[in-house]
2 protein chains.
Amino acid sequence: MTADVVPLKRPEGQPSLDPMLGLTAPGMNAVNAVILDRMQSKIPLIPALAGHLISGGGKRLRPMLTLAGAEVVGYNGTRHHKLAAAVEFIHTATLLHDDVVDGSDLRRGKAAANIVFGNPATVLVGDFLFSRAFELMVEDGSLKVLKILSNASAVIAEGEVDQLTAQRQIETSEERYLSIIGAKTAALFAAASRIAAVVAECDERREQALDDYGRNLGIAFQLVDDAIDYDSDASTMGKARGDDFREGKMTLPVILAYARGSEDERKFWQAAIAGHRTDDAALEEATHLIARHDALLATRERARHFASRAIDALSIFPDSAARRAMAEAAEFAVARGY
Amino acid sequence: MTADVVPLKRPEGQPSLDPMLGLTAPGMNAVNAVILDRMQSKIPLIPALAGHLISGGGKRLRPMLTLAGAEVVGYNGTRHHKLAAAVEFIHTATLLHDDVVDGSDLRRGKAAANIVFGNPATVLVGDFLFSRAFELMVEDGSLKVLKILSNASAVIAEGEVDQLTAQRQIETSEERYLSIIGAKTAALFAAASRIAAVVAECDERREQALDDYGRNLGIAFQLVDDAIDYDSDASTMGKARGDDFREGKMTLPVILAYARGSEDERKFWQAAIAGHRTDDAALEEATHLIARHDALLATRERARHFASRAIDALSIFPDSAARRAMAEAAEFAVARGY
């Protein structure tokens with residue numbers, strides 16, 4: 001039960017997303033208005049299904065990156081609101097398709113869209129939101145933004161297919177895993193941050209700095225997500241713990257426990273990841289082996305490395321509340337769920 | 001067996017797609033080169049799956065419309081090759097997602113991608129091709145083209161969701177059906193044609209004329225597709241006859257047979273479309289009732305109406321081989337499978 005207790009105040013010294021949330025709150029109201037307006041359609045099933053996920057309490061981290069990026073470069077316009085909504089639509093479309101691909105039961109603590117509305121509608125509403133994202137970008141009219149986000153979208157799909165190919169393949173390397181999460185997760189974090197510099201007409205160096213920040217932050221977030229899936233102490237982010245294990249998804253905790261394991265342990269992992277052992281006892285065994293080899297700690301240490309790179313990428317910007325909030329978000333990415 | 005005989009020469013007076021094929025053959029070589037080049041990825045499953053469908057002998061009617069449109073307005077450049085490839089990628093993405101949505105077994109006479117590669121990869125490669133389509137458009141750099149095709153993509157998804165909502169609903173009206181096929185099929189035909197006028201920098205009147213041609217042609221094609229699914233004499237277009245019936249899809253032959261049917265016949269349709277009667281005997285009964293009420297003939301007559309509107313939309317262009325080929329394609333849309 002203790003994992004369910006939400007502290008009212010953050011403990012002293014514990015990094016938090018709060019400064020980022022505070023920094024971007026006014027802008028996020030505008031972004032949310034665009035999201036709610038543009039997910040509408042004369043076909044009632046579309047806003048019903050999209051709203052199920054969109055109103056489902058996601059952090060909206062990616063559009064927040066666009067807003068925070070705009071703050072850190074001192075952009076005073078409003079163009080980024082529509083673009084941040086486009087980023088969230090792309091993300092929502094990939095989540096809907098992921099839920100179909102993974103056959104998920106839960107998303108953000110409630111029944112996944114595919115369970116409530118079925119796979120067909122979930123696929124098609126994903127397509128709709130993806131198209132809407134491009135309509136929003138076209139309305140903004142920046143070919144540079146369109147290029148960044150259409151490329152990110154293709155890279156995300158490639159990363160998802162690559163992840164599918166690696167599924168149930170115990171010999172997947174850490175390099176391959178980093179390449180997969182760099183594509184499926186970090187590419188959109190990078191693009192979401194970068195487009196803030198584009199609308200602000202920054203030079204290439206600042207554009208690249210925001211891209212680097214977002215990309216490294218995205219990798220750190222995904223690493224910690226993948227650790228939490230095996231962490232019995234962590235809050236579960238609204239998805240069922242052990243999902244990755246049962247699906248035979250090759251994430252860093254498994255890769256490290258397998259690399260560091262004995263011959264017998266490796267035999268267990270081979271059977272488990274191949275799908276021959278996926279029951280609760282096997283999950284307990286997996287969790288135990290991961291703990292024995294400090295694989296969760298090592299995964300968080302890897303995350304810390306990328307978070308540090310994210311923070312250092314911000315060093316070309318002058319000190320500001322925005323820069324501090326973004327740096328703390330990177331610290332938070334590593335520490336959350338602890 | 002007679003339906004399998006392919007005549008070497010078309011009978012005198014029988015409309016054909018051949019003039020359109022001849023007109024666009026040189027351009028289609030360039031388009032095919034772009035398609036083959038841009039469906040590549042470092043993830044081998046992507047070209048394998050995309051190629052399964054793309055090399056599967058589709059007519060590539062939609063990119064052909066872009067090329068024919070460019071001919072009829074006298075465009076001499078090459079920009080439309082990339083854009084025609086983008087149109088085909090959007091279409092291929094929707095076919096891949098359709099196969100998942102419908103649980104199809106066959107597509108273009110061979111096993112559908114979802115059967116060979118599974119639903120997850122099929123959804124994700126669809127997403128990849130969709131993103132690639134936008135990358136191609138961004139490379140071309142016309143915001144007007146991007147607007148037309150991003151809008152068409154959103155409308156297609158809306159039409160597909162609407163079709164899903166109407167599935168197994170026997171009371172679906174002809175108006176609703178026309179609205180569904182206008183969105184799911186005709187919107188891309190219209191956009192594919194229209195963008196030819198955009199790259200040629202035609203005035204709004206010519207742009208609209210090509211849009212009208214494509215939209216009406218698309219409706220005619222879909223009407224005849226839907227007739228062929230109940231036509232035991234027709235060639236089957238490589239999909240299993242009776243698919244629409246078994247899926248409870250509301251198409252015009254059913255709508256008309258139901259409207260014209262007796263009370264007993266209506267009871268049959270209610271049970272069949274609700275999914276209570278989907279076996280071969282029920283399909284035979286459905287085919288028999290549709291024939292009794294001349295519903296296939298009526299569907300083709302409706303198609304003829306839209307084909308005539310397509311042909312008349314071309315009247316603002318001077319007479320040319322291109323215009324004649326496009327007009328004959330509209331005649332062919334109505335007559336094929338007869």
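Residue numbers start from 1 in every chain, and the chains themselves are labelled A, B, ... in the order their sequence lines are given, proteins ahead of strands. In this text, all values refer to a predicted model and were calculated from it rather than measured experimentally. Just so you know, these numbers use all the heavy atoms, side chains as well, and skip hydrogens, waters and symmetry mates.
With chain A as the partner, the residue from B:T122, B:L45, B:N151 showing the most heavy-atom pairs under 4.5 Å is B:N151. With chain B as partner, the option from A:A157, A:G141, A:G159, A:P120 having the largest number of non-hydrogen pairs under 4.5 angstrom is A:P120. Most heavy-atom pairs under 4.5 Å with chain B: of the set A:I156, A:D162, A:V161, A:V123, this distinction falls to A:V161. Ranked by heavy-atom pairs under 4.5 Å with chain A, the first of B:L124, B:V100, B:I46 is B:L124.
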B:S153 vs A:F128, side chain to side chain contact (heavy atoms under 4.5 Å, CB included): CA-CA, chis, key distance, verdict
CA-CA 7 Å; B:S153 299; A:F128 173 79; over 6 Å; no
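Minimum heavy-atom separation, B:I43 to A:E158: CG1-O, 3.8 Å.
For a residue to count as touching a neighbouring chain, one of its non-hydrogen atoms must lie under 4.5 Å from one of that chain's; by this rule B:L164 touches chain A with the side chain only. Interface remark: A:T165 contributes side-chain atoms only to the contact with chain B (heavy atom separation under 4.5 Å). When heavy atoms are compared at a cutoff of 4.5 Å, B:N119 does not approach chain A at all. Heavy atoms of B:K42 lying under 4.5 Å from chain A belong to its backbone as well as its side chain.
Applying the 6.0 Å contact sphere to CD of A:Q40 captures more than 12 heavy atoms from other residues, nucleotides or ligands.
With rounding to the nearest 0.5 angstrom, the CZ atom of A:F134 is 8.0 Å from the CE atom of B:M137. Residue B:L143 holds its CG atom at 6.5 Å from CG of A:L146, rounded to the nearest 0.5 Å. Between the CG atom in A:D127 and the OG1 atom in B:T94 there is a gap of 8.5 Å [rounded to 0.5 Å].
The aromatic rings of A:H97 and B:H97 stand perpendicular to each other, their planes meeting at an angle above 60°, with 30° marking the opposite boundary.
Side-chain atoms of A:E135 and B:S150 form no donor-acceptor pair, as typed in the model, at a separation below 3.5 Å.
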